[in-house]
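First comes the structure, then the notes that go with it.
Keep in mind it's a predicted model, so treat the numbers as computed, not measured.
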Amino acid sequence: MTQGEPPPRAPRSRPTMREVAALAGVAIKTVSRVVNEVPTVDPAIAARVREAADKLGYRPNLTASSLRRGDGRTATIGMLVEDAANPFSAALTRTVENVARGRGSLVLVGSLDEDPARERELAQALIDRRVDGLVIVPAGRDHSYLISEQRSGTCMVFVDREPSLLDADAVVSDNRQGSVTAIEHLLKSGHRRIAYLGDQVTISTAAQRFDGYRHALELAHIEYDPAIIRHVGSSESAAIAAAKELLALPDPPTALFTSQNFVTIGAVRALRALGLQDTVAHVGFDDFPLADILSPGISVIAQDIEKLGRTAAEMLFRRLDGDESPTSTVTVPTRLIERGSGEIAAGGGLG
């Protein structure tokens with residue numbers, strides 16, 4: 001601090017329940033009952049307490065009050081997603097938030113970046129903060145670390161991917177059938193050389209989508225060709241490079257199937273950079289913003305994200321309400337949205 005500068009102001013302490021009680025002229029216990037919405041408090045006294053709290057700017061300590069509650073609930077749930085910046089994760093989180101808000105609960109969100117160690121770290125951090133339950137889009141393949149927490153009463157529901165080595169509820173999309181639908185759609189337009197670009201097959205959803213791709217080719221009696229397969233992770237830049245590489249082959253694909261939204265965006269950029277967006281067909285898995293206003297629009301296999309999130313949140317709150325029925329996995333259908341890119345016929349032009 002230089003000469004002449006005023007000293008830094010000490011942080012103002014938060015108003016206490018004792019101060020509210022003094023201003024309202026009631027006992028601290030009465031303030032506590034008003035804060036906790038005990039219905040037997042006289043309405044006139046409750047109004048006086050609330051007025052005093054508003055004047056002082058008093059906010060209750062929810063963590064402390066939860067410890068005093070008989071059920072130990074904190075009115076918070078934790079949510080772990082792949083990447084909060086990903087449109088799929090963002091839409092899923094918003095849906096869960098909407099359901100939680102209706103139940104008076106706050107959602108605490110963390111991104112996993114497909115890192116199993118980070119999943120364990122963040123899950124434990126949320127549990128240590130006494131969240132009432134967890135909604136998890138898992139990164140790891142071993143969830144036995146949650147068994148003891150589950151036995152201690154922490155409710156949990158998995159979304160998008162099923163848990164491994166743990167008996168828990170899950171809500172997933174029909175990834176395999178979605179891929180079959182995409183390939184069958186391209187086959188109808190005469191394509192026989194359909195390239196696959198997707199995430200790493202160590203990820204269960206990516207493995208299911210790749211399996212659907214291979215199954216659809218098998219049903220059509222088309223030989224599987226590893227030369228036009230690329231597992232590029234979820235990197236847009238890697239997808240751009242892989243798509244350009246595929247399209248530069250001596251016998252290039254006439255159609256692309258991209259099984260992850262960032263991979264799809266990378267493929268779109270590559271096709272436009274090469275001027276092939278009107279001659280090479282393209283279907284992506286997962287919708288993404290602006291896909292419908294491009295020319296041509298990008299045909300996609302869309303997940304019902306609203307239903308995934310709503311179903312998962314409702315399952316979690318049913319468990320919190322005491323549902324002890326056997327765990328279950330709900331599979332949500334996908335749907336094909338035709339916008340133009342997936343309807344380009346082999347040889348160019350709309351099918």
Linking Ile, Leu, Val, Met, Phe, Trp and Tyr by side-chain heavy atoms under 4.5 Å, what else ends up with Val268? Phe262, Ile265, Phe288, Leu294, Ile298, Val300, Ile337
How many angstroms lie between CG in Asp115 and CD in Glu82, if you round to the nearest 0.5 Å? 12.0 Å
Pair Asp167-Thr327, side-chain donor/acceptor within less than 3.5 Å: yes
Can you tell me how far the NE2 atom of His215 sits from the CD atom of Glu184, to the nearest 0.5 Å? 8.0 Å
Spacing of Glu162 atom CD and Ser204 atom OG [to the nearest 0.5 Å]: 8.0 Å
Just jot down the side-chain hydrogen bond (donor to acceptor under 3.5 Å, both in side chains) partners of Ser295, sequence neighbours excluded, or say none. none
Between atom CG of Leu126 and atom CG of Asp132, what is the distance when rounded to the nearest 0.5 Å? 11.5 Å
Can you see whether Tyr145 engages Glu119 through a side-chain donor-acceptor pair at a distance of less than 3.5 angstrom? yes
Are Leu217 and Val283 joined in one hydrophobic group, where the rule is that I, L, V, M, F, W and Y side chains link up if heavy atoms are under 4.5 Å apart? yes
Could you give the distance from CG (Asp199) to OG1 (Thr205), rounded to the nearest 0.5 Å? 7.0 Å
Go through the side-chain N and O atoms of Ser144 and Asp142 and say whether any donor and acceptor fall under 3.5 Å apart. yes
Just grab all the side-chain hydrogen bond (donor to acceptor under 3.5 Å, both in side chains) pairs involving residues 236-250, residues at least two apart or on different chains. Arg230-Glu245, Ser235-Ser237, Glu236-Arg269
Using a strict threshold of under 4.0 Å (side-chain N to carboxylate O), is an ion pair present between Glu114 and Arg141? no
Qualifying residues under salt bridge (charged side-chain N to carboxylate O under 4.0 Å, His left out), relative to Arg48, sequence neighbours excluded: none
Residues that, via side-chain heavy atoms closer than 4.5 angstrom, fall in one hydrophobic cluster with Ile203: none
Short N-O contact, Asp225 and Arg193, less than 4.0 angstrom: yes
Pairing of Asp321 and Arg103 as salt bridge, 4.0 angstrom limit: yes
Check: Gln260 side chain, Gly233 main-chain N or O, donor-acceptor pair, under 3.5 Å: no
Does either side chain, that of Asp287 or that of Asn261, offer a donor lying less than 3.5 Å from an acceptor on the other one? no
How close do Ala182 and Phe257 get, counting heavy atoms only, and between which atoms? CB-CE1, 3.6 Å
Sorted by chain and number, sequence neighbours left out, salt bridge (charged side-chain N to carboxylate O under 4.0 Å, His left out) with Asp211 holds for Arg176
Enter the distance from Gln303:CD to Thr334:OG1 here, rounded to the nearest 0.5 Å. 7.5 Å
